[in-house]
Amino acid sequence: MLEAPQPQGSTSQPPWNIAIPLPSCWDQSFLTNITFLKVLLWLVLLGLFVELEFGLAYFVLSLFYWMYVGTRGPEEKKEGEKSAYSVFNPGCEAIQGTLTAEQLERELQLRPLAGR
């Protein structure tokens with residue numbers, strides 16, 4: 001691929017013509033089919049456990065399993081990704097859009113923002 005010429009004195013920027021592959025239609029339909037089969041299997045098993053009078057236990061254990069699967073471990077964190085909890089970020093840095101105690105006090109007491 002050819003890169004656009006960089007003006008002198010500017011920092012090195014990635015080229016604008018990088019192609020990002022989009023997921024193909026086959027990949028999306030395959031994931032949809034797998035998800036459908038998982039839901040169908042869960043419903044069949046739920047029916048079986050209801051017949052065995054263990055339907056509630058199966059449902060509750062399924063909820064715990066879904067909560068476990070839905071959480072990520074620390075090894076799945078992307079490089080540079082910040083935590084929603086500022087105490088886990090370097091320097092306790094908050095993510096954008098976080099409501100701080102100072103901001104809440106300013107808004108409740110109708111004080112003007114600093115620098116305005």
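Computed from a prediction, not measured in an experiment: that's the story for all the values here.
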Original post:
In terms of hydrophobic clustering (I, L, V, M, F, W, Y; side-chain heavy atoms under 4.5 Å; direct or indirect links), are L52 and V50 co-clustered?
Top reply: yes
Original post:
Are L41 and I34 co-members of a hydrophobic cluster defined by side-chain heavy atoms under 4.5 Å apart?
Top reply: no
Using the salt bridge (charged side-chain N to carboxylate O under 4.0 Å, His left out) rule, collect all pairs that involve [range], keeping only residues at least two apart or in two chains.
{"range": "residues 48-62", "value": "none"}
{"range": "residues 87-96", "value": "K82-E93"}
{"range": "residues 36-45", "value": "none"}
{"range": "residues 40-49", "value": "none"}

Original post:
How far apart are the closest heavy atoms of V87 and C92, and which atoms are they?
Top reply: CA-SG, 4.1 Å
Original post:
Shortest non-hydrogen contact from A94 to S86?
Top reply: CA-CB, 3.9 Å
**OP:** Mind checking the CD-OG1 spacing from Q103 to T98? Nearest 0.5 Å is all I need.
**Re:** 9.0 Å
Subject >> Straight-line distance of L40 CG to L45 CG, nearest 0.5 Å >> reply: 9.5 Å
Subject >> Residues forming a side chain to side chain contact (heavy atoms under 4.5 Å, CB included) with L43, sequence neighbours excluded >> reply: V39
Which pairs of donor and acceptor atoms, one on a side chain in residues 59-67, lie under 3.5 Å apart (sequence neighbours left out)?
{"unit_1": "S62", "atom_1": "OG", "unit_2": "W42", "atom_2": "NE1", "d": "2.9"}
{"unit_1": "S62", "atom_1": "OG", "unit_2": "Y58", "atom_2": "O", "d": "2.7"}

